[in-house]
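Residue numbers begin at 1 in each chain, while the letters A, B, ... track the order of the sequences.
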Number of protein chains: 2
Amino acid sequence: MSDPTSRDKLIRTASNLFRQKGYSGVGLSELLKEAGLPKGSLYYHFPNGKQELAEAATRWAGAWLERLLDTTFAQAESFDEGALMVCDAIASEVTSQPHVPACPVLSILQAAPLEPRLQITAQEVYGSWTKCIEKHAKRLGHPRPNDAAFSLHCKLQGAWIIAFAQQSNAPFAQLARTLDQKL
Amino acid sequence: MSDPTSRDKLIRTASNLFRQKGYSGVGLSELLKEAGLPKGSLYYHFPNGKQELAEAATRWAGAWLERLLDTTFAQAESFDEGALMVCDAIASEVTSQPHVPACPVLSILQAAPLEPRLQITAQEVYGSWTKCIEKHAKRLGHPRPNDAAFSLHCKLQGAWIIAFAQQSNAPFAQLARTLDQKL
DNA sequence: GCGCCATTGGACCGATTGGTCTATTGATTG
DNA sequence: CAATCAATAGACCAATCGGTCCAATGGCGC
């Protein structure tokens, strides 16, 4: 059939770069040079070009984070404990890289006015995360699963953005502390 | 001396556009056309071009939001009440415009790897907000002003991003609800 | 009315943008 | 071996990018 490593390489590289510089901040030439692939490969695997690649990269990274949320929460015995574990999990994932990457959705968010499909993608990926957290909130017997999931999602997003701005995982550490104090 | 309306017009227009499409998503020609000014004016008022304009626009909008935080919290009689009022205040400001704008700092955040000055700007503006909230937390007798300020800042940032993605103020309404329930 | 200078207007530049198109490669078939 | 076709390689394109530069403008002091 086809070589999965080439398409995969494009998605991974796109995800990395977009999460650092944003959709509009990354040029195709830069992306392809980083991936070590020619332009022909991009438009073979993604006929709609940059937008289609960005969507695929965001969904790919989005699914990865959803798995992280799901498996982490699965080990928790209470919602509060799960929230804390998720906070630590994201913090360590984010800091394991030389450059602290932004949330995958953030990369395409500001391109939404230009590319309507990306706005839909962003909403769907956000929705999948909230739903995943809500599922575990329900399972762990939280009285208001939906509100709890939304609240945690908000806090994580906020901490992630501040961490990205500071290029440090300190905000995640502080978020963990405030979660502990129920602030 | 000089006409303040021209420089001002550039800053306002830049702030609006950057908060919709991000720093890299806005071209100079588009910006100048929107402002109704020629290129000469931009480089007269901002010799360092786009980057300097973006920094000025972010600081300008940052100071505006700080005033909003300050005056809103000043009317509160408890930290929790202040947090709720601030949430509502931002929500109504954001929804009063045809396009829900992102947080001013977000516009330049993804350009930080390219323009180091903008990263410093982002950190300073974020810091000014947290400090402002912390000041009021202290005044209102909160036991942990710093953690409380950070936590509220996180929640607001998170809700703002989700509101931007959905182009709706519903996330602010839900945040207000979860604040009420101390989630 | 004249000269000065802050400001504007916009032509122009090389570099880069996202995208198209065709020639070529190379592994897999018959 | 020949034919096929998925996949790569990269030349090429018009459009736009951010930035430079200088001539024209216009209000104000003399």
What do you reckon, is CZ of A:Arg144 surrounded by more than 12 foreign heavy atoms closer than 6.0 Å? no
Using a cut-off of 4.0 Å on non-hydrogen atoms, how would the nucleic acid contact of A:Lys50 be classed: base, sugar-phosphate, or nothing? sugar-phosphate
Mind calculating the distance between NE2 (A:His45) and P (C:dG19) to the nearest angstrom? 17 Å
Tell me whether the rings of B:Phe18 and B:Tyr23 are parallel (<30°), tilted (30 to 60°) or perpendicular (>60°). tilted
Check for a donor-acceptor pair, side chain of B:Ser151 on one end and backbone N or O of B:Asp147 on the other, with a separation under 3.5 Å. no
Looking for any heavy atom pair under 4.0 Å, which part of the strands does A:Gly49 touch: base, sugar-phosphate only, or nothing? sugar-phosphate
Using whole Å, report how far CG of A:Leu32 lies from P of C:dT17. 11 Å
Checking D:dA9, C:dG9, D:dC17 against the side chain of A:Leu37 (C-beta onward), the nearest is D:dA9
Among C:dG18, D:dG18, D:dA9, find the nucleotide with the atom closest to the side chain of A:Lys39. C:dG18
What integer distance in Å separates B:Glu52:CD from D:dG18:P? 16 Å
Between C1' of C:dC21 and OH of A:Tyr43, the distance in whole Å: 12 Å
Could you check whether A:Gly27 gets within reach of a base, just the sugar-phosphate, or nothing at all, counting any heavy atom under 4.0 Å? sugar-phosphate
Nearest heavy atom decides the nucleotide; on that basis, is A:Gln51 or B:Ser41 closer to the 5' end of DNA chain C? B:Ser41
Give the rounded distance in Å between these two atoms: NZ of B:Lys33 and C1' of C:dG10. 16 Å
Between CD of A:Glu30 and C1' of C:dT17 the distance, given in whole Å, is 12 Å
A:Tyr44 atom OH is separated from C:dG19 atom C1', nearest whole Å, by 19 Å
Using atom CG of B:Leu28 as one end and atom P of D:dG19 as the other, report the distance to the nearest whole Å. 6 Å
If the cut-off is 4.0 Å, is A:Ser29 near the phosphate of C:dG18, judged by side-chain N/O to OP1 or OP2? no
Would you confirm whether B:Gln51, through its side chain, and B:Leu118, through its main-chain N or O, come within 3.5 Å as a donor-acceptor pair? no
Take A:Leu183 and B:Leu152 through the side-chain contact (heavy atoms from CB on, under 4.5 Å) test and state the conclusion after the steps. CA-CA 8 Å; A:Leu183 281 185; B:Leu152 178 58; over 6 Å; no
